[in-house]
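Only one structure is covered here, and it is reproduced in the block below.
Keep in mind that the numbers below use all heavy atoms, side chains included, and drop hydrogens, waters and symmetry copies.
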Amino acid sequence: MKNLNQEKTPFFTKLKEYGESDVVPFDVPGHKLGRLPNDLSAFAGKGIYQLDANAPRGLDTLSKPTGVIKEAQALAAEAFGADKAYFLTSGTTGGIIAMIMATVSAKEKIILPRNVHKSVINALIFSGAVPVFVKPDIDNNLGIANGVSLTQMKKAIDEHPDAKAVFVINPTYFGVVSDLKNIVDYAHSKDMIVMCDEAHGAQFYFSNLLPQSAMAAGADVAATSMHKTGVSLTQSSILLTKGDRIDNAKIQSTLNMIHSTSPSAILLSSLDVARKQMYFEGEKGIKKALDLRNKMVPKFNEIPGVEIIGEAYALKRGFDFGFDSTKLVIKVADIGLTGFDVYRTLKDRFDIQLELAETYLVLAIITMATTKRDLDRLYQALKTISDENYEQNQSLPKIKFHYNFPETYVRPREAYHAPHKIVPLADSENEISAESIMIYPPGIPLLIPGEVINTQFLEDLDFYQQSGSVIFSELNNGYVKVIDKDNWQKWEDSDEL
């Protein structure tokens, strides 16, 4: 269906009508459309409770939409240039898990960069798929991993012709995109499905000033976080499919397995209105935001020790097919401080909350809601930090970021379910991990189930702990869960998985 009326917000409109009606609510939720005042309603208003309905008659169901949710999803599909759109209340994490579970079966291969989000690793555990990791471009100047080259992807595809799918990040957390269109074309020529993590790329669909979106590049399925770089509420995302390589019935049934049976109507309605807002205001709003950014970049670059990393930098590294300039990547190492230091100072002293920090840099996310005052405050704060700390010819000592990711010994699902034991991190070298350990944000695992713990991992983990980073692990107290090798062989021979 084409040429739909994008002015409509079918789900939100119907939900609002229901909340404002004189209905007698003998169903859940228990707050009965906000009848009892509390601290939240005093701050946010009663309306937030009036919108919190649980699929009453006439409001449709997410698991089998036939009414206003179906209509709202059709509007989203058209707006994003997809054949199908599925609303998600479990974030892009839910979409990624669903796309992989519905497409790649146990022991089938999937080709993917190693700097994927933890949700991808969780999807591998659920599905039982075998990862074929491709090493991304490692930027030692910034201490980050970027995109994956077309050459590397082609090599992996040629070496694993039996792979079922290829997975691409579009864009990375720091705005770098890979040569998606050519990767898609080559993978399709080898009869492989192409999936995309577009958690940070929702804005691509609404501006020709930004890199190409997954659907425009011909990808088969993508999950995009409307709440991150769009304008919906946190935890609301959209899963998009296009073409006949994806089994949409299986996508829906898989989503039904992982969705709550009581999805938040507030989140669903926020997707409905955000789609409308981005469709009509996105192009103009994103251009305004980029214009503000571009006017401020020369000023930021005049601050001693500060450098804005942008499209020109990406071009030098060979990424000549686009850079997401809504990511304000700020190198601060030459001030003589780590990104972690600057991140904390900006919040504690200047009440400026950035997205994340790395060793040499900090990251600010710009959207159509960003204002000139926001950028002015960030500029003044960074200038103050520089004035207080910068010294000529001073910078952080160079750290060699090897990113020689741990060797994969067994697939993640097998390691997750294998017999395990708990050992001190100090004694864990050469053990096989049975858990994921990561820094959050960004949530890219340093170690995943099935990888061999090596010296570099232990050194990296110690460095991040000393920097004050938030470490996500199951134990997080100096111990790690590893495969119990003494009992594993017997269990493996049983072929339970």
Side-chain angles (χ1 to χ4, degrees), residues 92 95-137 145-170 172 177-199 214-215 217-223 239-248 250-251 254 403-416 436 444-445 448-452 495 497:
T92 293
I96 285 173
I97 291 173
M99 71 167 77
I100 292 177
M101 283 183 63
T103 306
V104 190
S105 302
K107 299 185 180 180
E108 288 185 326
K109 294 178 183 177
I110 177 172
I111 297 168
L112 67 169
R114 177 55 180 79
N115 57 324
V116 290
H117 186 261
K118 66 172 186 149
S119 58
V120 179
I121 305 306
N122 293 340
L124 297 178
I125 293 171
F126 285 131
S127 73
V130 179
V132 176
F133 287 123
V134 179
K135 186 176 180 180
D137 170 61
N146 292 314
V148 176
S149 71
L150 175 62
T151 300
Q152 286 285 84
M153 272 297 192
K154 279 185 172 181
K155 183 173 183 290
I157 290 170
D158 290 342
E159 290 177 352
H160 300 273
D162 55 338
K164 183 74 175 291
V166 171
F167 188 95
V168 184
I169 306 168
N170 190 55
T172 68
V177 296
S178 297
D179 189 356
L180 183 58
K181 179 66 170 66
N182 283 319
I183 290 173
V184 168
D185 290 346
Y186 194 74
H188 283 171
S189 73
K190 304 297 182 179
D191 201 27
M192 296 181 189
I193 292 167
V194 180
M195 309 176 178
C196 286
D197 174 356
E198 280 191 318
M215 293 295 100
D220 303 293
V221 58
L239 181 64
L240 305 165
T241 67
K242 191 172 186 177
D244 57 7
R245 292 182 179 84
I246 294 295
D247 184 342
N248 283 287
K250 194 167 184 181
I251 288 282
T254 307
Y403 283 96
N404 293 320
F405 293 106
E407 174 192 355
T408 301
Y409 194 82
V410 294
R411 59 196 171 105
R413 177 183 178 132
E414 192 172 350
Y416 181 83
S436 287
I444 298 169
I448 68 173
E451 289 184 334
V452 180
D495 198 27
L497 300 173

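Using a 4.5 Å heavy-atom cutoff, the side chains of M153 and V168 are in contact. L112 is listed as a side-chain neighbour of P131, based on a closest heavy-atom distance under 4.5 Å. Under the 4.5 Å side-chain criterion, counting only non-hydrogen atoms from C-beta, Y416 is not in contact with I121. Within the 4.5 Å cutoff, the side chain of V104 has heavy atoms near those of the M195 side chain. V116 has its side chain out of reach of D197: every pair of non-hydrogen atoms, C-beta onward, lies at least 4.5 Å apart. In this structure, the side chains of F167 and I100 come closer than 4.5 Å at one or more pairs of heavy atoms.
With rounding to the nearest 0.5 angstrom, the CG atom of L239 is 12.0 Å from the CD1 atom of I97. The line from CZ of R413 to CD1 of I125 is 10.0 Å long, rounded to the nearest 0.5 Å. The structure places OG1 of T241 at 3.5 Å from CG of N248, a figure rounded to the nearest 0.5 Å. If you take NE2 on H160 and NZ on K190, they are separated by 14.0 Å, rounding to the nearest 0.5 Å. Here CG of D137 is found 10.0 Å from OG1 of T172. Values are rounded to the nearest 0.5 Å. Separation of atoms NE2 (H188) and CD1 (I193) is listed at 8.0 Å; rounding is to 0.5 Å.
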With side-chain contact (heavy atoms from CB on, under 4.5 Å) as the test, would you mind laying out the steps for R114 and I448 before giving the verdict?
CA-CA 10 Å; R114 177 55 180 79; I448 68 173; 3.8 Å; yes
Go through the steps to decide whether I246 and I251 satisfy the test side-chain contact (heavy atoms from CB on, under 4.5 Å), and finish with yes or no.
CA-CA 8 Å; I246 294 295; I251 288 282; 3.7 Å; yes
Does the side-chain contact (heavy atoms from CB on, under 4.5 Å) test come out yes or no for L124 and I110, once each step is laid out?
CA-CA 9 Å; L124 297 178; I110 177 172; 3.7 Å; yes
Check the pair N115 / I169 against side-chain contact (heavy atoms from CB on, under 4.5 Å), numbers first and verdict last.
CA-CA 9 Å; N115 57 324; I169 306 168; 4.0 Å; yes
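D162 CG: more than 12 foreign heavy atoms inside a 6.0 Å radius. More than 12 heavy atoms of other shown residues, nucleotides or ligands fall within 6.0 angstrom of atom CG in D158. No more than 12 heavy atoms of other residues, nucleotides or ligands sit less than 6.0 Å from atom OH of Y409.
No donor-acceptor distance shorter than 3.5 angstrom exists from the side chain of R411 to the backbone of G450, with no hydrogens or angles considered. Panel note: side chain S178, backbone V148; a donor-acceptor pair is recorded below 3.5 Å. In this structure, N170 contributes its side chain and E198 its backbone to no donor-acceptor pair below 3.5 Å. In this structure, S149 contributes its side chain and Q152 its backbone to a donor-acceptor pair below 3.5 Å.
The heavy-atom pair separating S119 from I96 by the smallest distance is OG-CD1, 3.5 Å. Closest heavy-atom contact between A415 and P449: CB-C, 3.5 Å.
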